[in-house]
Peer 1: 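This is the structure I have questions about; it appears just below.
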Amino acid sequence: PSTPSSAASDVYKRQLLYHYFRDKRDFYLATTREMAKRLVAATAPDPGLGFEAALRSSLQRFVHFVGENPAIYQAIVHGGVGSDREMDDLLERVRRVTLDRVLDRLGVASPTPSLRILLFGWVGFTETAALEWSRRRDLPPEELVDLLAGTLTSSLPTHLKRPNQE
C-alpha cells in the first residue's frame with residue numbers, strides 16, 4: 001500500500017480502537033484480562049485424572065500457553081509498565097484459581113499454614129520458571145513440566161500431614 005493509504009488505515013484503526021476503548025490502558029487491560037481467562041481455561045484440570053496426571057496435563061497446557069504467548073504471559077505476571085492495581089488484582093485472581101485447583105484436587109478444604117505457603121511459593125516458582133524458560137527456550141518443554149510437577153509433588157507429603165498426625 002502507498003504511504004497515504006497506509007497512514008489513512010492507521011488513523012482508521014486508531015479511531016476504531018478508541019471507539020471500543022477509552023485509551024491504550026483500557027485496551028491493554030481488556031486484552032490482558034481476556035488472555036488471563038484463556039490461560040485459566042486452558043489449564044483446567046481433567047476431572048477424570050488422578051492428582052499427578054492432572055497436574056502434569058495442566059502444566060503441559062500451561063507451558064504450551066506460555067510458549068505461544070510469552071509477551072502476554074509476561075504482561076499477566078508483571079503487569080506491564082509500572083504498578084497497576086487492576087493488573088495486580090488480575091494476577092492475584094489467576095494465582096487464586098491455581099491454588100484452589102490444587103487444593104481441590106488434594107481434597108483439602110482448609111490448608112495448614114505450611115501447605116498454603118508451600119502452594120503460594122510453588123505458584124511463584126512456576127511463574128518465574130516459565131518466564132525464564134520463555135526467554136531462553138534452552139530446556140525442552142517436557143523437562144520444564146517435569147521440573148514444575150516434581151517440585152510440587154516432592155514437597156507435598158510433608159505438608160499434607162494433619163496436625164494430629166505429627
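All values derive from a computational prediction rather than experimental measurement.
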Peer 1: Indicate the atoms forming the closest heavy-atom contact of M35 with I76, along with that distance.
Peer 2: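 Reported closest heavy-atom pair: C-CD1, 4.1 Å.
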Peer 1: Let's go through R38 and E34 carefully: what are the C-alpha distance in whole Å and the side-chain angles of both, what is the deciding distance for salt bridge (Lys or Arg N to Asp or Glu O under 4.0 Å) to 0.1 Å, and is it a yes or a no?
Peer 2: CA-CA 6 Å; R38 291 180 187 190; E34 176 60 28; 3.1 Å; yes
Peer 1: Got a sec: does the CZ of R135 have more than 12 other heavy atoms crowding it under 6.0 Å?
Peer 2: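 Yes, enclosed.
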Peer 1: Can you check whether V123 reaches V102 side chain to side chain, under 4.5 Å on heavy atoms?
Peer 2: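 When only atoms from C-beta onward are counted, V102 and V123 do not touch, as no gap falls below 4.5 Å.
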Peer 1: What pair of heavy atoms forms the shortest contact from R105 to P47, and how long is it?
Peer 2: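 Smallest heavy-atom distance, with atoms named: NH1-CA, 3.6 Å.
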Peer 1: Kindly indicate whether the side chain of L156, heavy atoms from C-beta on, has any atom under 4.5 Å from the side chain of L115.
Peer 2: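 In short, these two side chains touch, coming nearer than 4.5 Å.
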Peer 1: Measuring from atom OG1 of T151 to atom CG of L118, what distance do you get when rounded to the nearest 0.5 angstrom?
Peer 2: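 It comes to 10.0 Å.
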Peer 1: Do the side chains of H78 and M87 get nearer than 4.5 Å, heavy atoms only?
Peer 2: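 Contact flag for M87/H78 side chains = no.
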Peer 1: Any donor-acceptor pair under 3.5 Å linking the side chain of S134 with the backbone of L131?
Peer 2: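 At least one qualifying donor-acceptor pair exists.
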Peer 1: For residues 60-68, please give each side-chain donor-acceptor pair under 3.5 Å, one per line with the distance, not counting sequence neighbours.
Peer 2:
| unit_1 | atom_1 | unit_2 | atom_2 | d |
| --- | --- | --- | --- | --- |
| Q60 | NE2 | E142 | OE2 | 3.2 |
| R61 | NE | S57 | O | 3.3 |
| R61 | NH1 | A42 | O | 2.5 |
| R61 | NH1 | A44 | O | 2.9 |
| R61 | NH2 | A44 | O | 3.2 |
| R61 | NH2 | S57 | OG | 2.9 |

Peer 1: Could you give the distance from CZ (R116) to OG (S110), rounded to the nearest 0.5 Å?
Peer 2: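 R116 CZ to S110 OG: 11.5 Å, rounded to 0.5 Å.
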Peer 1: Let me see the working for R56 and L49 under side chain to side chain contact (heavy atoms under 4.5 Å, CB included), right down to the final yes or no.
Peer 2: CA-CA 10 Å; R56 291 188 59 74; L49 298 176; over 6 Å; no
Peer 1: Are L106 and F120 connected into the same hydrophobic cluster when the rule is that any two of I, L, V, M, F, W, Y join if their side-chain heavy atoms are below 4.5 Å apart?
Peer 2: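 Shared cluster, yes.
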Peer 1: Can a cation-pi geometry be assigned to R137 and W133, taking NZ or CZ under 6.0 Å from the six-membered ring centre and within 45° of the ring axis?
Peer 2: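 Yes, R137 sits over the ring of W133.
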Peer 1: Is the closest side-chain heavy-atom distance between H159 and I117 below 4.5 Å?
Peer 2: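 No; the side chains remain at least 4.5 Å from each other.
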Peer 1: Using a 3.5 Å cut-off and no angle test, enumerate the donor-acceptor pairs between side-chain atoms of residues 90-99 and protein atoms at least two apart in sequence or in another chain.
Peer 2:
| unit_1 | atom_1 | unit_2 | atom_2 | d |
| --- | --- | --- | --- | --- |
| R95 | NE | E127 | OE1 | 3.4 |
| R95 | NE | E127 | OE2 | 2.8 |
| R95 | NH2 | E127 | OE1 | 2.8 |
| T98 | OG1 | V94 | O | 3.1 |

Peer 1: Taking side chain as C-beta onward, heavy atoms only, is Y28 less than 4.5 Å from K24?
Peer 2: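 No, side chains not in contact.
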Peer 1: Does D26 offer a backbone N or O that forms a donor-acceptor pair with the side chain of D23 under 3.5 Å?
Peer 2: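 Yes: the side chain of D23 pairs with the backbone of D26.
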Peer 1: Which atoms form the tightest heavy-atom contact between W122 and L148, and what is the distance?
Peer 2: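 Nearest pair, atom of W122 first, then L148: NE1-O, 2.9 Å.
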Peer 1: Can L59 be reached from F125 by stepping across I, L, V, M, F, W or Y side chains whose heavy atoms are under 4.5 Å apart?
Peer 2: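 Same hydrophobic cluster.
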Peer 1: So, T43 versus R101: side-chain donor-acceptor pair below 3.5 Å or not?
Peer 2: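 Yes, R101 and T43 have a side-chain donor paired with an acceptor closer than 3.5 Å.
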